Amino acid sequence: MQRVYNFSSGPAVLPEVVLQQASAEMLNWRNSGMSVMEMSHRGSDFMTIAQQAEADLRVLLAIPDNYKVLFLQGGATSQFAMVPINLLRGMNKADYICTGTWSNKALAEAKRFCQANTAASTAKTHFTTVPDPVTSIAFDHSAAYVHYTPNETIEGVEFPYIPDTGAVPLVADMSSTLLSRPVDVSRYGLIYAGAQKNIGPAGLVVVIVRADLLGQPLAGAPLMFDYKIHADNSSMYNTPPTYSWYLAGLVFQWLLHNGGLTAMAEINQRKAQALYQAIDESGFYKNPVNPGCRSWMNVPFNLPDPALDNLFLDAAKQASLVALQGHRSVGGMRASIYNAMPERGVQTLIEFMREFQRRYG
Ligand SMILES: *Cc1c(COP(=O)(O)O)cnc(C)c1O
């Protein structure tokens, strides 16, 4: 059975060596006589796994000591609520920068808890740009925090800069970009990322939060939605998603063994550049996003005639290139090329696209 090149936006491809290691350890993790899935989360074996994963993530991202790292459940979507519940801290306003589907969903959830303002929106460009940092963002200095989505997974739009919010904490939904390159964590009040894009299996969401922002959750909020409860209990207030946590830990080890995030950034940039160049030079395929803010991780593109879409997808599948269909809300194609997508996979896609164009262009 041959493995395919999987361009899914998430759950997404994982490094093959990580899957092999998980497979080798499946029945008997390091002479424990059991699978990680079967272990008590409070036993010393799983504690070792959990602590190593956090330590490795701290090294990869150079996370400062005054930040807590949480391994939670409920996906990035639950963070849309946990962020206002925890970060309003007695205030009633928050700013949202809206650059696509996910930031708009985050805004809609926040509106249930406070006066959530749209500090900037690129809806007029059909989410093919990011706002100009100087002229197009109207921050409210009495906002409790500013939320943005550095990489919009569906539209394939990415910020080439970090918004400057002054003393107001900056919150980032990095679900589809965390670990793709180095990040200056100290610029953020809180970073969250659902695991199934670039970290590990679905079921896990990683939260990195400045400790001084914790401890004033909205009155009446469920304890499960209180970051401080999770921080004080090392993310084991209840049973955590143990197997996803373990697998994320294997991915962190894989990244460390392959040169960390600087090395990953170089490879990711090369992959994205090659694919965008092939699209732009083709005169056949088109990417609608402004070249200054194109995503390294999610590359949407259109064929000249949507009637060719199914033909393209079928032929791609024959060539072991799968999950290239764009999100149902935008149509067209999308190639997600996260860390675990090898350069060879992107080259194979480019060659396939050229061949398809020769036949149908
Ligand atoms: C996938 C994604 C989400 C939603 O993640 P869930 O785990 O399904 O809740 C939110 N934000 C971004 C940027 C995403 O890519």
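Remember, predicted model here, so these are calculated numbers, not experimental data. Whatever order the structure lists ligands and atoms in, that order sets their numbers, starting from 1.
Shown here are the ring pair (Phe, Tyr, Trp, His ring centres under 6.0 Å) partners of Tyr237, two or more places apart in sequence or in another chain: there are none. When the side chain to side chain contact (heavy atoms under 4.5 Å, CB included) test is applied to Cys293, the partners found at least two apart in sequence or on another chain are Val130, Val157, Pro160, Val289, Asn290. Every residue was checked against the ring pair (Phe, Tyr, Trp, His ring centres under 6.0 Å) condition with Tyr67, not counting sequence neighbours, and none meets it.
Checked by atom type, the side-chain pair Thr177/Ser180 shows a donor-acceptor distance below 3.5 Å.
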Filter the ligand 1-protein atom pairs down to N or O on both sides and distance under 3.5 Å, then list them.
from	atom 1	to	atom 2	distance (Å)
ligand 1	7 (O)	Ala76	N	3.3
ligand 1	7 (O)	Gln196	NE2	2.9
ligand 1	9 (O)	Ala76	N	3.2
ligand 1	9 (O)	Thr77	N	2.8
ligand 1	9 (O)	Thr77	OG1	2.5
ligand 1	11 (N)	Asp173	OD2	2.6
ligand 1	15 (O)	Thr153	OG1	2.4
ligand 1	15 (O)	Lys197	NZ	2.5

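When all heavy atoms are compared, the tightest approach of Ile137 to Pro131 is CG1-CB, 3.9 Å.
When the options Thr239, Leu204, Val205, Asn238 are evaluated for a side-chain contact (heavy atoms from CB on, under 4.5 Å) with Gln73, the one that passes is Asn238.
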